[in-house]
Participant: 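Next up is a structure, given as structure tokens.
The structure displayed is predicted, hence computed values, not measured ones. Whatever order the structure lists them in is the order used to number ligands and atoms, beginning at 1. These numbers come from the heavy atoms of this one structure, side chains and all, not from hydrogens, waters or symmetry mates.
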Amino acid sequence: MYLPSFSLKGKTALVTGAGRGIGRAIAIGYAEAGADVVIVSRTQSDLEETAEFIHRVGTKAYLFEADVTNKGQVEEIFETLDSEHVTVDILVNNAGMNIRSRALDVSDEEWETIMNTNLRSAFWFSQKAGERMKEAGGGKIITISSVAGHVALRTGVVYASTKAAIIQMTKNLALEWGQYGINVNSIGPWYFKTPLTEKLLADQSYLDDILAVTPQKRVGELPDLVGPAVFLASEAANYVNGQTLFVDGGMSIQGF
Ligand SMILES: NC(=O)C1=CN([C@@H]2O[C@H](COP(=O)(O)OP(=O)(O)OC[C@H]3O[C@@H](n4cnc5c(N)ncnc54)[C@H](OP(=O)(O)O)[C@@H]3O)[C@@H](O)[C@H]2O)C=CC1
Ligand SMILES: C[C@H](O)[C@@H]1OC(=O)[C@H](O)[C@@H]1O
């Protein structure tokens, strides 16, 4: 039999930033693929909405209202999961944010906030999940980068630096943890309409600029991202490691 399984039945996935946007879509998509889902964000009402979708699909949702930039809260999530004998088979480091300042205007506080949210939190979750996956004999770790980590965008140097660092962190963790059956990969989206980008994409001239450098001439729809996320979390990606999959309508290959 050649076709590996794309099912996530019997697996438990932890998705950070699952209160809305891409994280919510991935969490629901994983539930539709059969997984139970641990969902993390700072807004309980958002988490409850996501959980409602998961329950309708018929799998379990574990809600954690937490700030991923607070190491104590990250540790508490894993301590609670351990105490409830919940094993994280799949980790998606999705939580992220951006403050779109020009380089000369970036404040130290902006640097800290973007770095801690986008990069440091992903490393902390990866360490916690990775040590457990090593004991369990394997797992999947997926971190959401961006085309901004691969090509220069006008959306901020600090954000771009975090997304480029994610691409390299993915390679290094794959190098160290591949021997334990852990697959560590990243997804690099171009623009998708979410609360993070809604205002930008509502500006027609900005949208025209985006479409001008996008071979598929459209921004992403959330199902376009959930498919690759399910693939990388499934057995179908058991020999994919250290890679960044750009889900970008061809934007990152756009030349002239
Ligand atoms: N949308 C796009 O076009 C693109 C997005 N990306 C990346 O995708 C990821 C998701 O983006 P998107 O869905 O658009 O963003 P949204 O702002 O729509 O959602 C972000 C989610 O992360 C949560 N979050 C943010 N900060 C924290 C924190 N400190 N602790 C816990 N949760 C947090 C938010 O919840 P709360 O604020 O309630 O905590 C929310 O649930 C990000 O990493 C982003 O960089 C990459 C390329 C393109
Ligand atoms: C494609 C980028 O990641 C995009 O740029 C932004 O301004 C948003 O932060 C999105 O993440």
Participant: Run the salt bridge (charged side-chain N to carboxylate O under 4.0 Å, His left out) test on K128 and D82 for me, step by step, so that the C-alpha distance in whole Å, both residues' side-chain angles and the decisive distance to 0.1 Å come before the verdict.
Facilitator: CA-CA 11 Å; K128 289 294 168 190; D82 289 347; over 6 Å; no
Participant: Taking only heavy atoms of the protein into account, state which residues are under 4.0 angstrom from an atom of ligand 1, in chain and number order.
Facilitator: G17, G19, R20, G21, I22, S41, R42, T43, A66, D67, V68, T69, N94, A95, G96, T117, I144, S145, S146, Y159, K163, P189, W190, Y191, F192, T194, P195, L196, T197
Participant: Pairs in or reaching into residues 139-154: which pass salt bridge (Lys or Arg N to Asp or Glu O under 4.0 Å), with residues at least two apart or in two chains?
Facilitator: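 The answer is R154-D209.
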Participant: Take atom NZ of K9 as the centre, draw a 6.0 Å sphere, and report whether it contains more than 12 heavy atoms from other residues, nucleotides or ligands.
Facilitator: no
Participant: Hydrogens and angles aside, do Q204 and D208 bring a side-chain donor and acceptor to less than 3.5 Å of each other?
Facilitator: yes
Participant: So which residues, sorted by chain and number, lie with a heavy atom under 4.0 Å of ligand 2?
Facilitator: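 For ligand 2, the residues that come within the 4.0 Å heavy-atom cutoff are N98, R100, S146, L153, T155, Y159, W190, Y191, L196, T197, L200.
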Participant: Test side chain to side chain contact (heavy atoms under 4.5 Å, CB included) on W190 and V213; report intermediate values, then the result.
Facilitator: CA-CA 11 Å; W190 182 212; V213 295; 4.0 Å; yes
Participant: Apply salt bridge (charged side-chain N to carboxylate O under 4.0 Å, His left out) to R20 and E49, showing your working.
Facilitator: CA-CA 9 Å; R20 55 179 187 266; E49 259 183 61; over 6 Å; no
Participant: According to the ring-ring contact (aromatic ring centres under 6.0 Å, His included) rule, which pairs have a member within residues 151-180, sequence neighbours left out?
Facilitator: none
Participant: Find out whether L119 and I166 are in side-chain contact, i.e. whether some heavy atom of one side chain is under 4.5 Å from a heavy atom of the other.
Facilitator: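 A side-chain contact under 4.5 Å exists here.
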Participant: Between R120 and F123, is NZ or CZ placed under 6.0 angstrom from the six-membered ring centre and within 45° of the ring axis?
Facilitator: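 No, cation not above the ring by the 6.0 Å, 45° rule.
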